Enquirer: 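The following block contains the structure, expressed as structure tokens.
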Amino acid sequence: MISKGNGDPARCAKNLLQIARGEVPFDRVRGLDATIYDRPAVDAAPALRNDAQWMLGIYEPRVLASDIEINAEDLKTGRFLVTADLE
């Protein structure tokens with residue numbers, strides 16, 4: 001968290017995209033589904049895109065994600081970078 005600007009819709013969307021599902025104690029559905037990361041990159045990217053689109057629609061309705069990009073940073077460890085172009 002940063003000291004100022006946490007209510008900004010873009011900041012909230014960025015925070016949401018960095019949370020794994022189950023990480024928030026009283027809201028176990030918030031976050032990206034971590035089981036997707038175990039899939040092959042070809043299958044994981046579309047599933048992550050759909051999951052991110054759903055989550056942003058539910059938890060941050062103030063933004064519209066026009067494009068969600070999934071980049072496999074390290075295929076050996078299954079690390080993906082999820083970014084969204086917001087309107």
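Source: prediction; values computed, not measured.
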Enquirer: Heavy-atom distance under 4.5 Å between the side chains of V29 and M55, does that happen here?
Expert: no
Enquirer: Locate the shortest heavy-atom distance separating V63 from A10; write the atom from each residue and the value.
Expert: CG1-N, 4.4 Å
Enquirer: What heavy-atom pair brings G31 and D51 nearest, and what distance separates the two atoms?
Expert: O-OD2, 4.1 Å
Enquirer: What I want to find out is whether R30 reaches D27 closely enough, with some N-O distance under 4.0 Å, to be called a salt bridge.
Expert: yes
Enquirer: Which distance, rounded to the nearest 0.5 Å, do you find between the CD1 of I68 and the CG of L56?
Expert: 5.5 Å
Enquirer: How far does CG of L48 sit from CD of Q53, to the nearest 0.5 angstrom?
Expert: 13.0 Å
Enquirer: Mind checking the CD1-OH spacing from I19 to Y59? Nearest 0.5 Å is all I need.
Expert: 9.5 Å
Enquirer: Under the 3.5 angstrom rule, does the side chain of Q18 hit a backbone N or O of N15 as a donor-acceptor pair?
Expert: no
Enquirer: State whether the side chain of R28 and the backbone N or O of G22 hold a donor-acceptor pair below 3.5 Å, judged by distance alone.
Expert: yes
Enquirer: Which distance, rounded to the nearest 0.5 Å, do you find between the CH2 of W54 and the CG of D33?
Expert: 9.5 Å
Enquirer: Would you say the side-chain atoms of R21 pair up with the backbone N or O of L32, donor to acceptor, closer than 3.5 Å?
Expert: no
Enquirer: Is there a path from L17 to I58 through hydrophobic residues (I, L, V, M, F, W, Y) whose side chains come within less than 4.5 Å of each other?
Expert: yes
Enquirer: When rounded to the nearest 0.5 angstrom, what distance separates CZ in R11 from CD in E60?
Expert: 12.5 Å
